[in-house]
Amino acid sequence: MTITQLQYVLAVAEYKNFTLAAEKSFVTQPTLSMQVQKLEDELDILLFDRSKKPITITQVGEKIVAQAKNIVNEAARIKDIVEQEKGYIGGDYVLGIIPTIMPTLLPMFLKTFIQKYPKVNLIIKEQNTESLIQNIQDGHLDAAIAATPLEVDFIKERPLYYEPFVGYVPKEHRLGNSIQIVPEDLDIEDILLLQDGHCFREGVLNLCKTPKIGGEHFSLQSGSFETLINLSNEGLGMTLLPYLNTIDLDEAKKKKLKYFKDPSPAREVSLIYHKKELKVQITEALKDVITSIVRGAIAFQDVKIISPLNK
């Protein structure tokens, strides 16, 4: 029994297909199939039922797969311990980032990080929160950046910063002449929202708890803040933006920003990863770089965290 054999078993268990598992493992299908077969022969059991499509895991196979995950993770931890002892910060590191954070945060820290840690091969993937959680559990991501709290048992959350919500309000809107706004001013019927699946959308919905205002209303949904701003400029409603999305707006657009009275509603943005904590040295380096950069960009102190969870 080898670690490589166990890795192949985990790949087949995940993809339910030998050809795809081999492709994801960067080996030929015959090589992967042979190694899985050798392990089955050694254990004198069948791990997979190959007669079904997609293939299924046998009852005893489920138990072996669960144990294989622990063994493979612990083997990776040995290498991690050695690298920490040597003070080595390098190697592949796969980082997921949610779409409402990626465009603003990534340009702020990426250049600094890769210059400071040139031996780290940072692989960045944009994914929604649900996918991030699943991929952390499956071992496809070393860490992720997402809005928290998430309340997931196997995930550790390390807050990076607290990002206030800011209103983007056209002059003709009912709040157009307001100097500041409060959550009670908001009416979900005239707020332009991101489409379903974005945690920032859920945060806005959790913030808007006021009754509907009389009159004709409509709901428009979009996948980007830029689109929401453009729709708002056409007089189709107001929207809410994360603070970092307002920094690079032109002066005409900045005049339409309405800040909340303290405490400002805000989202908590955290670095999240599995509680087993592999590649700790890179995780710590990433956290230090991001917090040192963002700290200067967000000066707000008095905030009220709005959960991304739809409760």
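We use all heavy atoms of the structure for the numbers below, so side chains are in, but hydrogens, waters and symmetry mates are not.
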Plane angle bin for F113 and F109 - parallel if under 30°, tilted between 30 and 60°, otherwise perpendicular: perpendicular
Mutual orientation of the aromatic rings belonging to F48 and F18 [parallel < 30°, tilted 30-60°, perpendicular > 60°]: perpendicular
Pairing of E284 and R158 as salt bridge, 4.0 angstrom limit: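 Judged by the 4.0 Å cut-off on N to carboxylate O distance, E284 and R158 do form a salt bridge.
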Basic-acidic side-chain contact under 4.0 Å: E40, R50: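 Answer for the salt bridge query: yes.
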Pair D187-R174, side-chain contact (heavy atoms from CB on, under 4.5 Å): steps then yes or no: CA-CA 11 Å; D187 182 344; R174 61 185 175 83; 3.3 Å; yes
Is there a path of hydrophobic side-chain contacts, each under 4.5 Å between heavy atoms of I/L/V/M/F/W/Y residues, joining [Y] to [X]?
{"X": "M102", "Y": "V294", "result": "yes"}
{"X": "Y88", "Y": "L286", "result": "no"}
{"X": "I71", "Y": "I64", "result": "yes"}
{"X": "M1", "Y": "I3", "result": "yes"}
{"X": "L249", "Y": "Y259", "result": "yes"}

Reference residue L175; test side chain to side chain contact (heavy atoms under 4.5 Å, CB included); the match among Q180, M238, K258: M238
For V269, the option from I290, I145, I97, L244 that meets side chain to side chain contact (heavy atoms under 4.5 Å, CB included): I145
Taking atom [atom1] as the centre, does [X] end up with more than 12 heavy-atom neighbours from other residues, nucleotides or ligands that are less than 6.0 angstrom away?
{"X": "K254", "atom1": "NZ", "value": "yes"}
{"X": "D248", "atom1": "CG", "value": "no"}
{"X": "E62", "atom1": "CD", "value": "yes"}
{"X": "K275", "atom1": "NZ", "value": "yes"}

Would you indicate whether the side-chain heavy atoms of [Y] and [X] approach each other to under 4.5 Å?
{"X": "I155", "Y": "Y273", "value": "no"}
{"X": "I298", "Y": "Y243", "value": "yes"}
{"X": "K53", "Y": "N17", "value": "no"}
{"X": "I229", "Y": "N245", "value": "no"}
{"X": "K125", "Y": "V94", "value": "yes"}
{"X": "S25", "Y": "Y8", "value": "yes"}
{"X": "L240", "Y": "V166", "value": "no"}
{"X": "Y117", "Y": "V289", "value": "yes"}

Between [X] and [Y] (side chain of the first, backbone of the second, donor and acceptor by atom type, cut-off under 3.5 Å), is there such a pair?
{"X": "D185", "Y": "V182", "result": "yes"}
{"X": "S178", "Y": "I181", "result": "no"}
{"X": "K16", "Y": "A13", "result": "yes"}
{"X": "E157", "Y": "L150", "result": "yes"}
{"X": "T283", "Y": "K279", "result": "yes"}
{"X": "T239", "Y": "L192", "result": "yes"}

For [X] and [Y], work out which heavy atoms get closest and say how close.
{"X": "G90", "Y": "V120", "answer": "CA-CG2, 3.8 Å"}
{"X": "T104", "Y": "P107", "answer": "O-CD, 3.6 Å"}
{"X": "S264", "Y": "P164", "answer": "OG-CB, 3.5 Å"}
{"X": "A146", "Y": "L132", "answer": "CB-CD1, 4.1 Å"}
{"X": "L271", "Y": "A143", "answer": "CD1-CB, 4.2 Å"}
{"X": "A144", "Y": "I136", "answer": "CB-CD1, 4.1 Å"}

Without hydrogens or angle criteria, can the side chains of [X] and [Y] be said to hold a donor-acceptor pair below 3.5 Å?
{"X": "T148", "Y": "R267", "value": "no"}
{"X": "K171", "Y": "N177", "value": "no"}
{"X": "E226", "Y": "N230", "value": "no"}
{"X": "N128", "Y": "S131", "value": "yes"}

Hey, what do you get for [atom1] ([X]) to [atom2] ([Y]), rounding to the nearest 0.5 Å?
{"X": "L122", "Y": "D92", "atom1": "CG", "atom2": "CG", "value": "10.0 Å"}
{"X": "L39", "Y": "T4", "atom1": "CG", "atom2": "OG1", "value": "11.5 Å"}
{"X": "S232", "Y": "E172", "atom1": "OG", "atom2": "CD", "value": "7.5 Å"}
{"X": "N73", "Y": "L6", "atom1": "CG", "atom2": "CG", "value": "11.5 Å"}
{"X": "K276", "Y": "K69", "atom1": "NZ", "atom2": "NZ", "value": "8.5 Å"}
{"X": "Q59", "Y": "L47", "atom1": "CD", "atom2": "CG", "value": "13.0 Å"}

CA sep, side-chain torsions, deciding dist, call: L160, K287, side-chain contact (heavy atoms from CB on, under 4.5 Å): CA-CA 7 Å; L160 296 170; K287 181 179 183 298; 3.7 Å; yes
E14/H140 under side chain to side chain donor-acceptor pair (under 3.5 Å): CA gap, chis, key distance, verdict: CA-CA 11 Å; E14 179 176 357; H140 298 316; 2.3 Å; yes
Y168 and T246: CA distance, side-chain angles, deciding distance, side chain to side chain donor-acceptor pair (under 3.5 Å) verdict: CA-CA 9 Å; Y168 186 85; T246 69; over 6 Å; no
Residue list, side-chain hydrogen bond (donor to acceptor under 3.5 Å, both in side chains) with S51, at least two apart or on another chain: D49
side-chain hydrogen bond (donor to acceptor under 3.5 Å, both in side chains) involving D288 - partner list, sequence neighbours excluded: none
S33 and Q29: CA distance, side-chain angles, deciding distance, side chain to side chain donor-acceptor pair (under 3.5 Å) verdict: CA-CA 6 Å; S33 296; Q29 190 269 331; 2.6 Å; yes
Residue pair K38, Q5: steps toward the side-chain contact (heavy atoms from CB on, under 4.5 Å) verdict: CA-CA 9 Å; K38 285 179 66 175; Q5 287 175 331; 3.8 Å; yes
L141 and H274: CA distance, side-chain angles, deciding distance, side-chain contact (heavy atoms from CB on, under 4.5 Å) verdict: CA-CA 9 Å; L141 290 177; H274 204 289; over 6 Å; no
